[in-house]
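Shown next, in C-alpha coordinates, is the structure this report addresses.
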Amino acid sequence: MTQKWDVVIVGGGLAGYVAANLLSRTNLSILLLEKGKSVGGRSRTNKMHNQYLNLGPHALNHKGIAKSILEELGITLNGKSPKLGGILIENNIEYAAPFSPLDLFTTNLLNWKERIEWISVLLKMMKINPEKLADQTFQQWAKDVTQSKKVESILYTLGRLATYCHAPELVSAKAVVSNLQIAMGGVLYLDGGWQMIVDQLHNKAIVSGVKVQSQTLVKKIKPIEQDEFKLILSTNEEILGKYVICTTGPHELNEMLIEEGNHEQNSEYDQITPVKGATLDIALTQLPNPKLLFAMGFSDPLYYSVHLHYARLSDDTTSVVLHVFKYHHPDEHIDGASVKTELEQFLDKLQPGWKQYVITKRFLPNITVNQRLPQIGDERWLNRLKTKIPGLYLAGDWASPNSILADGAVSSGKDAAEDLILYEKRKNSAN
Ligand SMILES: Cc1cc2nc3c(=O)[nH]c(=O)nc-3n(C[C@H](O)[C@H](O)[C@H](O)COP(=O)(O)OP(=O)(O)OC[C@H]3O[C@@H](n4cnc5c(N)ncnc54)[C@H](O)[C@@H]3O)c2cc1C
(Lines give C-alpha, C1' and ligand atoms only; values in the text may rest on other atoms or scores of the structure.)
Protein backbone atom coordinates (compact mmCIF):
# COMPACT_ATOMS: atom_id res chain seq x y z
CA MET A 1 0.00 0.00 0.00
CA THR A 2 1.29 3.49 -0.84
CA GLN A 3 2.04 5.49 2.31
CA LYS A 4 0.20 8.83 2.53
CA TRP A 5 1.43 11.71 4.69
CA ASP A 6 0.53 15.36 5.18
CA VAL A 7 4.18 16.47 5.09
CA VAL A 8 7.17 14.60 3.71
CA ILE A 9 10.54 16.15 4.61
CA VAL A 10 13.47 15.13 2.44
CA GLY A 11 16.78 15.28 4.33
CA GLY A 12 17.64 14.76 7.98
CA GLY A 13 20.11 17.61 8.59
CA LEU A 14 19.55 20.76 10.66
CA ALA A 15 17.02 22.25 8.21
CA GLY A 16 14.91 19.07 8.02
CA TYR A 17 14.86 18.50 11.78
CA VAL A 18 14.05 22.11 12.65
CA ALA A 19 11.11 22.00 10.20
CA ALA A 20 9.99 18.63 11.63
CA ASN A 21 10.08 19.90 15.22
CA LEU A 22 8.04 23.01 14.42
CA LEU A 23 5.49 21.07 12.35
CA SER A 24 5.12 18.47 15.08
CA ARG A 25 3.25 21.14 17.08
CA THR A 26 0.38 20.87 14.55
CA ASN A 27 -1.80 17.84 13.92
CA LEU A 28 -0.23 17.16 10.51
CA SER A 29 1.34 13.74 9.97
CA ILE A 30 5.08 14.06 9.24
CA LEU A 31 7.54 11.71 7.59
CA LEU A 32 11.26 12.59 7.41
CA LEU A 33 13.33 10.69 4.85
CA GLU A 34 17.13 10.57 5.04
CA LYS A 35 19.32 8.79 2.51
CA GLY A 36 22.20 8.27 4.94
CA LYS A 37 22.63 5.42 7.38
CA SER A 38 22.66 7.95 10.18
CA VAL A 39 20.88 11.28 10.38
CA GLY A 40 22.42 14.74 10.90
CA GLY A 41 23.84 15.55 7.48
CA ARG A 42 26.85 17.84 7.73
CA SER A 43 26.20 18.42 11.44
CA ARG A 44 27.09 14.82 12.24
CA THR A 45 29.94 14.07 14.64
CA ASN A 46 31.83 10.79 14.27
CA LYS A 47 33.12 9.02 17.33
CA MET A 48 36.52 7.59 16.37
CA HIS A 49 38.73 5.91 18.99
CA ASN A 50 36.77 7.71 21.75
CA GLN A 51 37.31 11.10 20.13
CA TYR A 52 34.44 13.19 18.76
CA LEU A 53 35.20 14.58 15.32
CA ASN A 54 32.83 17.04 13.69
CA LEU A 55 32.89 17.07 9.89
CA GLY A 56 35.47 19.85 9.86
CA PRO A 57 35.73 22.79 12.25
CA HIS A 58 32.24 23.74 13.49
CA ALA A 59 31.54 26.86 15.53
CA LEU A 60 28.07 28.18 16.36
CA ASN A 61 27.53 31.94 16.27
CA HIS A 62 26.51 33.27 19.69
CA LYS A 63 24.48 36.03 18.11
CA GLY A 64 23.31 34.00 15.12
CA ILE A 65 19.72 33.11 14.36
CA ALA A 66 20.44 29.34 14.55
CA LYS A 67 21.31 29.54 18.24
CA SER A 68 18.17 31.47 19.15
CA ILE A 69 15.84 29.19 17.12
CA LEU A 70 17.46 26.05 18.56
CA GLU A 71 17.07 27.45 22.08
CA GLU A 72 13.42 28.28 21.36
CA LEU A 73 13.01 24.61 20.41
CA GLY A 74 14.42 23.61 23.80
CA ILE A 75 17.84 22.46 22.56
CA THR A 76 20.59 22.72 25.18
CA LEU A 77 23.86 24.07 23.81
CA ASN A 78 26.79 23.38 26.12
CA GLY A 79 30.29 24.44 25.24
CA LYS A 80 32.74 27.31 25.44
CA SER A 81 33.80 30.28 23.37
CA PRO A 82 37.35 30.32 22.02
CA LYS A 83 39.35 33.49 22.58
CA LEU A 84 39.66 35.80 19.59
CA GLY A 85 43.43 35.60 19.26
CA GLY A 86 46.21 33.42 17.89
CA ILE A 87 48.56 33.94 15.00
CA LEU A 88 48.60 34.81 11.32
CA ILE A 89 51.31 33.27 9.14
CA GLU A 90 52.81 35.06 6.18
CA ASN A 91 55.88 33.71 4.32
CA ASN A 92 56.68 31.38 7.22
CA ILE A 93 56.71 34.27 9.72
CA GLU A 94 54.26 34.25 12.63
CA TYR A 95 52.46 37.42 13.69
CA ALA A 96 49.95 37.98 16.47
CA ALA A 97 46.54 38.19 14.75
CA PRO A 98 45.18 41.73 15.19
CA PHE A 99 41.75 40.49 16.22
CA SER A 100 41.77 41.23 19.96
CA PRO A 101 42.33 44.74 21.37
CA LEU A 102 45.69 43.76 22.95
CA ASP A 103 47.07 42.02 19.84
CA LEU A 104 45.89 44.87 17.70
CA PHE A 105 48.26 47.23 19.49
CA THR A 106 51.20 44.86 19.83
CA THR A 107 51.32 42.83 16.60
CA ASN A 108 54.33 43.27 14.30
CA LEU A 109 52.11 42.59 11.32
CA LEU A 110 51.08 46.24 11.13
CA ASN A 111 52.91 49.54 11.42
CA TRP A 112 51.24 52.39 13.31
CA LYS A 113 49.55 53.86 10.26
CA GLU A 114 48.12 50.45 9.32
CA ARG A 115 47.03 49.84 12.91
CA ILE A 116 44.99 53.02 12.94
CA GLU A 117 43.53 52.20 9.53
CA TRP A 118 42.58 48.69 10.69
CA ILE A 119 40.82 50.05 13.80
CA SER A 120 38.82 52.52 11.73
CA VAL A 121 37.88 49.79 9.17
CA LEU A 122 36.79 47.50 12.02
CA LEU A 123 34.60 50.24 13.49
CA LYS A 124 33.12 51.01 10.07
CA MET A 125 32.41 47.33 9.50
CA MET A 126 30.64 46.95 12.82
CA LYS A 127 28.51 50.07 12.30
CA ILE A 128 27.40 49.77 8.68
CA ASN A 129 23.96 48.48 7.73
CA PRO A 130 24.81 45.48 5.48
CA GLU A 131 21.70 46.17 3.36
CA LYS A 132 23.58 49.18 2.00
CA LEU A 133 26.16 46.78 0.50
CA ALA A 134 23.66 44.70 -1.46
CA ASP A 135 25.05 45.78 -4.84
CA GLN A 136 28.76 45.29 -4.13
CA THR A 137 31.11 42.35 -3.95
CA PHE A 138 33.16 41.95 -0.79
CA GLN A 139 36.28 42.85 -2.78
CA GLN A 140 34.74 46.09 -4.07
CA TRP A 141 33.77 47.08 -0.54
CA ALA A 142 37.15 46.07 0.94
CA LYS A 143 39.01 48.12 -1.67
CA ASP A 144 36.69 51.05 -1.01
CA VAL A 145 37.32 51.17 2.74
CA THR A 146 41.04 50.37 2.81
CA GLN A 147 44.22 52.04 1.58
CA SER A 148 46.77 49.52 2.78
CA LYS A 149 47.01 46.13 1.02
CA LYS A 150 47.72 44.51 4.38
CA VAL A 151 44.50 45.83 5.93
CA GLU A 152 42.60 44.66 2.84
CA SER A 153 44.13 41.17 3.30
CA ILE A 154 43.14 41.10 6.99
CA LEU A 155 39.55 41.75 5.93
CA TYR A 156 39.70 38.80 3.50
CA THR A 157 41.18 36.56 6.22
CA LEU A 158 38.43 37.50 8.69
CA GLY A 159 35.83 37.15 5.94
CA ARG A 160 36.99 33.57 5.27
CA LEU A 161 36.86 32.79 8.98
CA ALA A 162 33.28 34.05 9.34
CA THR A 163 31.81 32.67 6.09
CA TYR A 164 34.18 30.00 4.67
CA CYS A 165 33.91 31.90 1.37
CA HIS A 166 37.22 32.35 -0.41
CA ALA A 167 36.18 34.39 -3.44
CA PRO A 168 36.02 38.06 -2.43
CA GLU A 169 35.57 39.05 -6.09
CA LEU A 170 32.34 36.99 -6.28
CA VAL A 171 30.78 36.88 -2.84
CA SER A 172 28.37 39.64 -1.87
CA ALA A 173 29.63 42.27 0.56
CA LYS A 174 26.25 42.22 2.31
CA ALA A 175 26.57 38.50 3.12
CA VAL A 176 30.17 38.71 4.37
CA VAL A 177 29.77 41.90 6.40
CA SER A 178 26.54 40.74 8.05
CA ASN A 179 28.22 37.44 8.98
CA LEU A 180 31.29 39.28 10.26
CA GLN A 181 29.11 41.46 12.48
CA ILE A 182 27.47 38.32 13.89
CA ALA A 183 30.78 36.43 14.26
CA MET A 184 32.30 39.35 16.19
CA GLY A 185 29.79 38.47 18.93
CA GLY A 186 31.79 35.27 19.48
CA VAL A 187 31.21 31.58 18.71
CA LEU A 188 30.64 28.39 20.67
CA TYR A 189 32.54 25.11 20.30
CA LEU A 190 30.03 22.50 21.44
CA ASP A 191 30.60 19.72 23.99
CA GLY A 192 30.16 16.36 22.27
CA GLY A 193 30.26 18.08 18.88
CA TRP A 194 27.31 19.13 16.74
CA GLN A 195 25.87 15.63 17.11
CA MET A 196 24.47 16.99 20.40
CA ILE A 197 22.18 19.28 18.40
CA VAL A 198 21.22 16.50 15.99
CA ASP A 199 20.47 13.99 18.76
CA GLN A 200 18.28 16.41 20.69
CA LEU A 201 16.37 17.51 17.57
CA HIS A 202 15.92 13.86 16.54
CA ASN A 203 14.69 12.71 19.96
CA LYS A 204 12.26 15.61 20.29
CA ALA A 205 10.87 14.95 16.81
CA ILE A 206 10.35 11.23 17.52
CA VAL A 207 8.68 11.90 20.87
CA SER A 208 6.34 14.37 19.13
CA GLY A 209 5.25 11.76 16.60
CA VAL A 210 7.47 12.45 13.57
CA LYS A 211 8.36 9.27 11.69
CA VAL A 212 12.02 9.21 10.66
CA GLN A 213 13.15 6.77 7.99
CA SER A 214 16.90 6.63 7.30
CA GLN A 215 18.63 4.80 4.44
CA THR A 216 15.84 6.03 2.20
CA LEU A 217 16.90 7.87 -0.93
CA VAL A 218 14.30 9.95 -2.73
CA LYS A 219 14.80 9.66 -6.50
CA LYS A 220 11.96 11.81 -7.82
CA ILE A 221 9.50 14.37 -6.52
CA LYS A 222 6.48 14.73 -8.82
CA PRO A 223 3.72 17.27 -8.29
CA ILE A 224 0.54 15.37 -9.25
CA GLU A 225 -2.19 17.89 -8.59
CA GLN A 226 -2.86 20.69 -6.11
CA ASP A 227 -1.76 19.55 -2.65
CA GLU A 228 -0.51 16.19 -3.82
CA PHE A 229 3.03 15.03 -4.51
CA LYS A 230 4.37 11.62 -5.41
CA LEU A 231 7.86 10.77 -4.13
CA ILE A 232 9.61 7.87 -5.82
CA LEU A 233 12.31 6.17 -3.78
CA SER A 234 15.44 4.44 -5.10
CA THR A 235 13.63 1.16 -4.36
CA ASN A 236 10.84 2.39 -6.69
CA GLU A 237 8.48 2.45 -3.73
CA GLU A 238 6.10 5.44 -3.91
CA ILE A 239 5.06 7.79 -1.11
CA LEU A 240 2.30 10.39 -1.34
CA GLY A 241 2.50 13.72 0.47
CA LYS A 242 0.23 16.75 0.55
CA TYR A 243 3.29 18.95 1.03
CA VAL A 244 7.02 18.37 0.58
CA ILE A 245 9.85 20.20 2.34
CA CYS A 246 13.07 19.54 0.47
CA THR A 247 16.31 20.25 2.37
CA THR A 248 18.80 18.63 0.00
CA GLY A 249 21.27 20.68 -2.00
CA PRO A 250 20.01 22.45 -5.14
CA HIS A 251 21.69 20.00 -7.54
CA GLU A 252 20.06 17.00 -5.86
CA LEU A 253 16.73 18.83 -5.88
CA ASN A 254 17.13 19.51 -9.60
CA GLU A 255 17.72 15.80 -10.27
CA MET A 256 14.60 14.92 -8.30
CA LEU A 257 12.42 17.39 -10.21
CA ILE A 258 13.69 16.72 -13.73
CA GLU A 259 11.19 14.82 -15.82
CA GLU A 260 12.60 12.04 -17.95
CA GLY A 261 13.95 13.40 -21.21
CA ASN A 262 13.88 17.07 -20.12
CA HIS A 263 17.29 17.87 -18.70
CA GLU A 264 16.96 21.60 -19.31
CA GLN A 265 14.10 21.90 -16.83
CA ASN A 266 14.87 23.79 -13.64
CA SER A 267 18.49 24.24 -14.69
CA GLU A 268 18.70 27.38 -12.53
CA TYR A 269 19.25 25.08 -9.53
CA ASP A 270 22.32 23.71 -11.29
CA GLN A 271 23.90 27.15 -11.63
CA ILE A 272 24.28 27.59 -7.88
CA THR A 273 27.95 27.51 -6.83
CA PRO A 274 28.77 25.73 -3.56
CA VAL A 275 31.33 26.83 -0.95
CA LYS A 276 33.87 24.05 -0.51
CA GLY A 277 36.98 23.24 1.47
CA ALA A 278 39.36 20.52 2.60
CA THR A 279 39.49 19.40 6.21
CA LEU A 280 41.96 17.43 8.26
CA ASP A 281 40.28 16.42 11.53
CA ILE A 282 42.76 15.07 14.08
CA ALA A 283 42.94 13.73 17.64
CA LEU A 284 46.37 13.70 19.31
CA THR A 285 47.54 12.35 22.65
CA GLN A 286 49.23 15.71 23.25
CA LEU A 287 50.18 18.96 21.56
CA PRO A 288 53.90 19.48 20.92
CA ASN A 289 53.30 23.25 21.21
CA PRO A 290 50.48 23.40 23.80
CA LYS A 291 50.13 27.18 23.83
CA LEU A 292 49.30 27.54 20.17
CA LEU A 293 45.54 27.11 19.85
CA PHE A 294 44.57 29.12 16.78
CA ALA A 295 46.25 30.16 13.54
CA MET A 296 45.38 31.22 10.03
CA GLY A 297 47.35 31.70 6.85
CA PHE A 298 47.43 35.39 5.95
CA SER A 299 47.54 35.11 2.16
CA ASP A 300 47.25 31.32 2.11
CA PRO A 301 43.62 30.31 2.79
CA LEU A 302 44.45 28.04 5.73
CA TYR A 303 42.95 27.58 9.22
CA TYR A 304 43.98 25.72 12.38
CA SER A 305 42.15 25.55 15.68
CA VAL A 306 42.28 23.32 18.76
CA HIS A 307 38.61 22.74 19.47
CA LEU A 308 39.07 20.45 22.44
CA HIS A 309 40.68 23.21 24.44
CA TYR A 310 37.20 24.72 24.78
CA ALA A 311 34.75 21.87 24.20
CA ARG A 312 34.50 18.31 25.54
CA LEU A 313 35.32 16.26 22.45
CA SER A 314 36.95 13.16 23.90
CA ASP A 315 36.26 10.40 26.40
CA ASP A 316 39.94 10.64 27.41
CA THR A 317 40.93 13.48 29.68
CA THR A 318 44.30 14.21 28.09
CA SER A 319 43.79 14.04 24.35
CA VAL A 320 43.46 16.97 21.95
CA VAL A 321 41.05 17.41 19.03
CA LEU A 322 41.94 19.94 16.36
CA HIS A 323 41.01 20.86 12.81
CA VAL A 324 43.17 22.08 9.95
CA PHE A 325 41.22 23.46 7.01
CA LYS A 326 41.77 24.89 3.53
CA TYR A 327 39.22 27.23 1.97
CA HIS A 328 38.77 26.40 -1.72
CA HIS A 329 38.15 28.97 -4.44
CA PRO A 330 35.16 27.94 -6.62
CA ASP A 331 37.33 27.84 -9.79
CA GLU A 332 40.11 25.82 -8.20
CA HIS A 333 40.98 22.36 -9.47
CA ILE A 334 41.35 20.16 -6.39
CA ASP A 335 44.17 17.65 -6.22
CA GLY A 336 43.42 15.75 -3.00
CA ALA A 337 46.99 14.48 -2.48
CA SER A 338 48.61 17.89 -2.75
CA VAL A 339 45.96 19.56 -0.55
CA LYS A 340 46.62 16.90 2.10
CA THR A 341 50.35 17.62 1.96
CA GLU A 342 49.66 21.35 2.21
CA LEU A 343 47.51 20.91 5.33
CA GLU A 344 50.02 18.54 6.93
CA GLN A 345 52.89 20.92 6.22
CA PHE A 346 50.90 23.80 7.74
CA LEU A 347 50.45 21.70 10.87
CA ASP A 348 54.17 20.75 10.83
CA LYS A 349 54.97 24.46 11.19
CA LEU A 350 52.53 24.97 14.05
CA GLN A 351 52.94 21.67 15.90
CA PRO A 352 56.31 20.13 14.84
CA GLY A 353 56.35 16.37 15.45
CA TRP A 354 52.53 16.07 15.73
CA LYS A 355 52.52 12.86 13.66
CA GLN A 356 53.95 10.79 16.54
CA TYR A 357 50.97 11.66 18.76
CA VAL A 358 48.11 10.77 16.37
CA ILE A 359 45.20 8.80 17.90
CA THR A 360 43.00 9.12 14.84
CA LYS A 361 42.63 11.42 11.84
CA ARG A 362 40.42 11.93 8.83
CA PHE A 363 41.03 13.90 5.65
CA LEU A 364 38.19 15.13 3.40
CA PRO A 365 39.60 16.87 0.31
CA ASN A 366 36.54 18.64 -1.09
CA ILE A 367 33.59 18.87 1.26
CA THR A 368 30.65 21.24 0.71
CA VAL A 369 30.50 23.69 3.59
CA ASN A 370 27.59 25.76 2.30
CA GLN A 371 25.48 24.81 -0.71
CA ARG A 372 25.47 28.38 -2.06
CA LEU A 373 28.18 30.98 -2.42
CA PRO A 374 26.10 34.09 -1.60
CA GLN A 375 26.25 36.53 -4.51
CA ILE A 376 24.72 39.87 -5.46
CA GLY A 377 21.02 39.59 -6.22
CA ASP A 378 20.58 36.03 -4.88
CA GLU A 379 17.55 37.13 -2.84
CA ARG A 380 15.56 37.88 -5.99
CA TRP A 381 15.89 34.51 -7.71
CA LEU A 382 15.75 32.59 -4.41
CA ASN A 383 12.37 34.09 -3.57
CA ARG A 384 11.18 33.30 -7.11
CA LEU A 385 12.34 29.66 -6.89
CA LYS A 386 10.68 29.21 -3.51
CA THR A 387 7.21 29.88 -4.86
CA LYS A 388 7.64 28.14 -8.22
CA ILE A 389 5.95 24.85 -7.30
CA PRO A 390 3.05 25.40 -4.86
CA GLY A 391 3.22 22.95 -1.96
CA LEU A 392 6.96 22.33 -2.39
CA TYR A 393 8.92 24.20 0.30
CA LEU A 394 12.70 24.66 0.01
CA ALA A 395 15.06 24.73 2.97
CA GLY A 396 18.75 24.11 3.64
CA ASP A 397 21.78 26.33 4.06
CA TRP A 398 21.47 27.56 0.46
CA ALA A 399 17.78 28.44 0.62
CA SER A 400 17.76 31.31 3.11
CA PRO A 401 18.03 34.70 1.38
CA ASN A 402 19.56 36.32 4.47
CA SER A 403 21.84 33.75 6.12
CA ILE A 404 24.30 31.00 5.32
CA LEU A 405 25.80 27.98 7.16
CA ALA A 406 23.90 26.76 10.23
CA ASP A 407 22.11 30.11 10.47
CA GLY A 408 20.83 29.58 6.91
CA ALA A 409 19.92 25.91 7.46
CA VAL A 410 18.06 26.46 10.73
CA SER A 411 16.25 29.66 9.70
CA SER A 412 15.19 28.22 6.34
CA GLY A 413 13.82 25.11 8.10
CA LYS A 414 11.82 27.37 10.38
CA ASP A 415 10.59 29.56 7.48
CA ALA A 416 9.50 26.51 5.46
CA ALA A 417 7.51 25.09 8.40
CA GLU A 418 5.90 28.45 9.17
CA ASP A 419 4.97 29.13 5.52
CA LEU A 420 3.41 25.67 5.29
CA ILE A 421 1.43 26.11 8.52
CA LEU A 422 0.15 29.50 7.34
CA TYR A 423 -0.91 28.08 3.95
CA GLU A 424 -2.71 25.18 5.62
CA LYS A 425 -4.52 27.55 8.02
CA ARG A 426 -5.64 29.84 5.19
CA LYS A 427 -6.87 26.87 3.17
CA ASN A 428 -8.81 25.46 6.11
CA SER A 429 -10.43 28.76 6.93
CA ALA A 430 -11.43 29.24 3.26
CA ASN A 431 -13.15 25.83 3.21
C1 LIG B 1 33.78 21.47 7.03
C2 LIG B 1 32.56 22.19 7.46
C3 LIG B 1 32.64 23.19 8.41
C4 LIG B 1 31.50 23.90 8.80
N5 LIG B 1 31.61 24.85 9.77
C6 LIG B 1 30.51 25.53 10.15
C7 LIG B 1 30.60 26.50 11.18
O8 LIG B 1 31.66 26.70 11.76
N9 LIG B 1 29.49 27.19 11.50
C10 LIG B 1 28.29 26.98 10.88
O11 LIG B 1 27.30 27.65 11.21
N12 LIG B 1 28.17 26.05 9.91
C13 LIG B 1 29.26 25.33 9.53
N14 LIG B 1 29.16 24.38 8.55
C15 LIG B 1 27.90 24.30 7.80
C16 LIG B 1 26.83 23.46 8.47
O17 LIG B 1 27.34 22.21 8.83
C18 LIG B 1 25.72 23.27 7.41
O19 LIG B 1 25.33 24.54 6.91
C20 LIG B 1 24.48 22.59 7.97
O21 LIG B 1 24.82 21.43 8.66
C22 LIG B 1 23.59 22.28 6.78
O23 LIG B 1 22.39 21.66 7.19
P24 LIG B 1 21.30 21.30 6.09
O25 LIG B 1 20.19 20.65 6.79
O26 LIG B 1 21.02 22.50 5.26
O27 LIG B 1 22.03 20.30 5.08
P28 LIG B 1 22.64 18.86 5.35
O29 LIG B 1 23.25 18.77 6.67
O30 LIG B 1 23.51 18.58 4.16
O31 LIG B 1 21.37 17.92 5.31
C32 LIG B 1 20.75 17.50 4.11
C33 LIG B 1 20.43 16.03 4.26
O34 LIG B 1 19.71 15.59 3.10
C35 LIG B 1 20.09 14.25 2.83
N36 LIG B 1 19.74 13.98 1.42
C37 LIG B 1 20.30 14.51 0.33
N38 LIG B 1 19.70 14.03 -0.78
C39 LIG B 1 18.74 13.16 -0.37
C40 LIG B 1 17.79 12.34 -1.05
N41 LIG B 1 17.72 12.33 -2.39
N42 LIG B 1 16.95 11.57 -0.31
C43 LIG B 1 17.02 11.59 1.06
N44 LIG B 1 17.91 12.34 1.75
C45 LIG B 1 18.76 13.12 1.05
C46 LIG B 1 21.59 14.27 3.09
O47 LIG B 1 22.10 12.97 3.31
C48 LIG B 1 21.67 15.15 4.34
O49 LIG B 1 21.64 14.40 5.52
C50 LIG B 1 30.26 23.62 8.18
C51 LIG B 1 30.16 22.58 7.25
C52 LIG B 1 31.30 21.86 6.91
C53 LIG B 1 31.17 20.75 5.93
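Numbering of ligands and ligand atoms starts at 1, following listing order. The shown structure was predicted, so the numbers you read here are calculated from the model rather than taken from an experiment.
Between L373 and P330 there is a side-chain heavy-atom pair separated by less than 4.5 Å.
Using a cutoff of 4.0 Å between basic side-chain nitrogens and carboxylate oxygens, E94 and K349 are not scored as salt-bridged.
Ring to ring, Y303 and H323 are not that close: their centroids are 6.0 angstrom or more apart. Y164 has its ring centre less than 6.0 Å from the ring centre of Y327.
At a 4.0 Å heavy-atom cut-off, the residues surrounding ligand 1 are V10, G11, G12, G13, L14, A15, L33, E34, K35, G40, G41, R42, S43, L55, G56, P57, H58, A59, Y164, W194, T216, L217, V218, T247, T248, E252, M256, F325, I367, T368, V369, G396, D397, L405, A406, A409, listed by chain and number.
A salt bridge (charged side-chain N to carboxylate O under 4.0 Å, His left out) with D281 holds for exactly one of R362, K361, R44; it is R362.
Interatomic distance, CG of L88 versus CD1 of I154, reported as 7.0 Å (0.5 Å rounding).
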